[in-house]
Amino acid sequence: MGDEYLAEPEDEVAPSMWPENIGDKHQKQFKMENLGKGQDALKDVRFQEKPSSVDFQRLMEMANSEKGVSQMQYFVKHWEYKRANTARLLKEQIGLLCQQRKEIEQKKQQILEEQHFQDESYYAVKRQVPILDEVYKDEWKRPSKKSDDLCHNQELKIDAEYDSISYWKERAMQLEKTLEASLQREHSLEEKLEENIKNLQSHTPVEEFSGMLQRADYFLHLVLQSAPIVIAHQDTDLRYRFIFNHFPTLADEDVIGKTDYEILSGEGIEEMNNVKKEVMASGIPTKREFIFNTPLFGAKTFVTYIEPVFSKSGETIGVNYVAMDITDQVKRREKMADIRVREAVQKAKETELSRSLHITEETMRAKQMLATMSHEIRSPLSGVLSMAEILATTKLDKEQYQLLEVMLSSGDLVLQLINDILDLSKVESGAMKLESTTFRPREVVKHVLQTAAASLKKELTLEGCIGDDVPVEVTGDVLRIRQILTNLISNAVKFTHEGKVGINLHVLDKQPPGCRIKGVQLHMKTHSASSVTAAEHSSASLRNCDKDTLGCSNHEDACHTGIPPNNNFGEHDGGEEAVWLRCDVYDTGIGIPEESLPLLFKRYMQASADHARKYGGTGLGLAICKQLVELMGGTLNVVSKENDGSTFSFILPCKITVKEDHSDDPDVMPSSHGDFTTSDIEGSFLFKPQARPCLLSSGVSVMKNKFIGCNLMSYDPPNRLENCKLFSNGFASAEDNSANSTSTASCQSNGPSTRSTDEEQHDNAMVIDLNRQAEWISSSQGGTTSVSGPNIHEERGPCKVLEEKSLHKKSKCSQSSNKAKILLVEDNKVNIMVAKSMLEQLGHGIDIVNNGMQAIHAVQRCQYDIILMDVHMPEMDGLQATKFIRSFENTGCWDTSVKPEHDQMISGSAMSSDCARIRKQGKRVPIIAMTANSFSESAEECLAAGMDSYISKPVNFQNIKECLQRYLPSQ
Amino acid sequence: MAAAPLREQLSALLSSMFSQGLVDEQFEQLQMLQDEGGTPGFVAEVVTLFCDDAERIIAEIATLLEQPIVSFDKVDAFVHQLKGSSASVGAQKVKFTCMQFRQFCQEKSRDGCLMALAVVRNEFYDLRNKFQTMLQLEQQIQAYDPKQQ
């Protein structure tokens, strides 16, 4: 029907007559007007299924709504407009027709007039055809151009027989025919007009609407054909009144008139209905996403636009909604979000990681820095302290002495602190190595107590108690054990104001599992004999160990001297047994609050901030103790009660060395040793406070620190030396070695006089001992020397140092009389100048070269007593040069394979230096590294390259002198 | 007689240098070497040498750091040299800044290096000024001394 309607204007005048722009306004809103052209397309489309379901009654109701009214108004307007247009067209047509008619009439008039004239002329001749007049009278009324033309033609045609009767007849007939045709045409036109008018009347607005609606409907279908969209209208009860669903799963009748609940069940329905109700109540359109999970179509997400529908009176009469399936999009979106979250987490993790990495690096660096700095601080500090100690031996008045005392004790404190830091970083980095030496636990305890007593400034009783079952000698790292004990005791003393502090040492009855103890066997007699060698060895190694901690570590020396005792003991492996020693350090001090106990062994932790203020200290001591004990395989515990003292206990596994009588010590007199040994085995010590005048004890503490290398020498050899330790330290040997020097004598008389008062109470035989010990030292040294041929230098070296030091102590002017030849390898001009000046002042001749290569050349040309070698140099560094020199010393020829380019020069000089080589071979030139102590130059590397020792830069008078004294052959 | 205030001035300058940490005990050692070794002018010699050397090194480092591609190893080597020199002379502050400088070198941070260079330069010029004053004072004192004696 619509098609027909559309077809009409197209066929008729409309396309030409209809102004193009007239429909524009409407076309904008009403696109289907264009559809006229697409008629064919529409015909092709077949709406096989009619997805939409409509409740038409409801449509009427909806039409009554405001929207419906406006829609309707629009339709009416449109229809009126169209009608007006049609009317105008018709009027135009009528006007046209009227004009035609007029023209015809005019023509008719003309013809009639003509006829009349002809008739007159005719009748004038023959008045014979009046009948026709009547007949044709009407006919003439309908003239036409055609008929006119025809008439004229006919007139011309029949001109020949003009005025004959036949002519007239013919003519009449022709006219009649044209008239008939004309009439017929007129008739048909009239009919058409009538029909048109009738047609016009049949296009009522209703029909127009339905046509339009239908077209809109088709159009919508076309557009929405493949859209995954559901469009629906629901009334106030939320019953479906209309639904468009492209993929219907339900038939129309299943949906129309029903609610969501009746159709669907499952997740999301309730929510959607609530929203719809909300929209109806509020009257505001909304857009939402709903997640459905229904048995009907599974899990799907729809975005739904819901708008309320109002009646004319403004009441809500239902809702329209458009829903679109966005399940895939939602899935994708969720995936994206998930990825984003994961990314964020990853990023956060990364930053966290890099931060912690950074912190770790920083910490490591800080630790390294601390260790390095401590090391750097320690060398000059030890110099200062040594000097101060020397100063203490000179004549001072009381005030000066007291000042010096303060200076020394502060210096000691700093040194202790630095040692702590270094120890801790050593243990932590795993660089701490334990040295196995034989020692006597009783002595260790006694020494520790003596040392503590010496520096005691309080009214405290120090006591030591050692169980009878404790072996006389055990093997372990005595230095570390001593360090632990000293630390614990000094802690105990620090926190105890009155009462006593003591050490209990005994063998643990219940051995920890996994430790075999066969029983403690004491070989007293054999001990006394063998202990001397052991002690001699251990003293040597201990000296080296201690130097190690002091910063001028000499591992090689440690090896040389430290290993022999081990080897000795190694022979008795079968006889070695382990014993667990338990050591309690108790005090009657302030105790430790319970809550602080867990923090006690942590670094830089003290029981409380108050304590730190009151008692000072860094809180490193206990941490070090614990780490050391654990390093040795033991445990450290504490039992404490506030205001009731504390007891620190540690247990350590120690090897008992069971030895047979050594017959290779003929120089040692067993009997004399026996005396000392028995006196040493006593199980308890007591140090009473009142016996110690302040000045004296401090004087002792001064002595204690002096030249620690020598100091320990006198410390650790059992029985004999320990007794005189408090006295003289280095002095014992000094006396022996430079017995005829008057300065020594005077000094000796000076020394004991200051301290003998307190010592007399304990050891009356002390002064006598002194001499005997001195004798013993020289004899035992002589013994070792004769026995160990190849080791003669190493063995004797330290002794010489000892001598020199003691000499130096007595007379400051002791410069080496014979010049040593020194090779200084250094590239820094300033350093050269300083070092040169120092060495010259020491009275040595020096050659200077600027890099390792030159150093090798110099060694080829000349023989040096010592080489001071910078590590970091251009061309060839010190390490490499040292390696080459060492390899030459070992093999007798310079390494050609590694550095062929130097070979020519070297081989050239090699001939001339042949004799020098013979001389040199087997003799090691001491090479001392000069390190800047930076990360790239480690002491280990220097030693590994074959250097004997190192001194840290900047080179100062003290360390260069010490070093030379140690390594230069005796004058 | 006129040397006395100069001496005072010198010792005040030296003690201020020590207390500010410009120089450390190593410098003391140099002085000791000079006094005990009987080598007058030793400190002046060393200090001059150090100043020339340090200035040269600083200039070298500055040139290196201006290059489009900085060779941090070279810079590091120079800084190491400077550190060695300053340590020998006892120029403590310069030495410390050199230590920091080397860290930046290891991190290969150009900005850090430039900053460190500025610091080193500052410290060095500061120290050099002091050294120059010191040497001048010493010269003046020496100028007096022989006449007096």
Side-chain angles (χ1 to χ4, degrees), chain A residues 358 361-362 364-366 368-369 372-373 376-377 379-384 387 812-813 815 824 826-844 850 870-875 877-878 930-937 951-961, chain B residues 23-57 73-74 76-92 94-96 98-107 124 127 131:
Chain A
H358 186 70
E361 271 173 15
E362 285 287 297
M364 290 303 292
R365 204 173 295 151
Q368 180 75 41
M369 183 75 187
T372 315
M373 286 312 292
E376 299 233 350
I377 294 164
S379 331
L381 184 68
S382 57
V384 170
M387 286 300 171
K812 227 198 148 197
C813 60
Q815 274 188 4
L824 175 67
E826 166 71 76
D827 64 320
N828 191 312
K829 280 182 271 175
V830 180
N831 291 354
I832 291 172
M833 196 162 191
V834 173
K836 189 178 146 204
S837 155
M838 286 176 178
L839 292 171
E840 276 170 354
Q841 199 165 339
L842 285 169
H844 300 296
N850 300 117
D870 186 22
V871 177
H872 200 79
M873 281 181 297
E875 272 190 68
D877 66 25
M930 296 188 289
T931 67
N933 237 304
S934 53
F935 304 119
S936 52
E937 302 170 7
I951 51 182
S952 56
K953 284 203 233 173
V955 175
N956 62 39
F957 206 67
Q958 182 66 30
N959 60 25
I960 206 164
K961 198 157 75 181
Chain B
V23 290
D24 56 16
E25 72 276 5
Q26 183 71 18
F27 187 69
E28 235 170 339
Q29 287 244 334
L30 296 186
Q31 290 178 312
M32 206 178 76
L33 276 174
Q34 175 175 283
D35 298 342
E36 288 181 12
T39 46
F42 170 69
V43 171
E45 204 182 334
V46 173
V47 161
T48 318
L49 184 65
F50 164 72
C51 286
D52 293 348
D53 198 39
E55 186 144 39
R56 180 185 60 84
I57 290 173
D73 287 343
K74 279 189 190 169
D76 190 49
F78 276 119
V79 179
H80 182 76
Q81 256 187 320
L82 183 59
K83 190 193 148 199
S85 307
S86 50
S88 270
V89 177
Q92 190 171 234
V94 177
K95 186 179 80 179
F96 286 151
C98 281
M99 283 157 87
Q100 279 179 315
F101 202 149
R102 292 199 72 187
Q103 280 222 332
F104 286 120
C105 285
Q106 265 151 18
E107 286 164 16
F124 169 64
L127 180 69
F131 272 154

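Residue numbers begin at 1 in each chain, while the letters A, B, ... track the order of the sequences.
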Original post:
Based on non-hydrogen pairs under 4.5 Å, which of B:Leu33, B:Leu49, B:Asp24 is most in contact with chain A?
Top reply: B:Leu33

Subject >> Interface residue of largest heavy-atom contact number with chain A, from B:Ser85, B:Ala87, B:Gly90, B:Ser86, under 4.5 Å >> reply: B:Ser85

At a 4.5 Å cut-off on heavy atoms, which part of [X] comes close to chain A: side chain, backbone, both, or neither?
X	result
B:Glu28	neither
B:Leu30	side chain
B:Gln81	both

Mind checking the [atom1]-[atom2] spacing from [X] to [Y]? Nearest 0.5 Å is all I need.
X	Y	atom1	atom2	result
B:Arg56	A:Lys829	CZ	NZ	5.5 Å
B:Ser88	A:Met930	OG	CE	8.5 Å
B:Phe42	A:Met833	CZ	CE	6.0 Å
A:Arg365	B:Gln106	CZ	CD	8.0 Å

Subject >> Close side-chain approach of B:Gln29 and A:Val834, heavy atoms under 4.5 Å >> reply: no

Subject >> Per-residue contact mode, A:Asn831 against chain B (heavy atom under 4.5 angstrom) >> reply: both

Original post:
With no hydrogens and no angle check, is any side-chain donor or acceptor of A:Asn828 less than 3.5 Å from a backbone partner on B:Gly84?
Top reply: no

Subject >> Non-neighbouring partners of B:Glu55 that pass side chain to side chain donor-acceptor pair (under 3.5 Å), sequence neighbours left out >> reply: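 B:Glu55: side chain to side chain donor-acceptor pair (under 3.5 Å) contacts with B:Arg128.
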
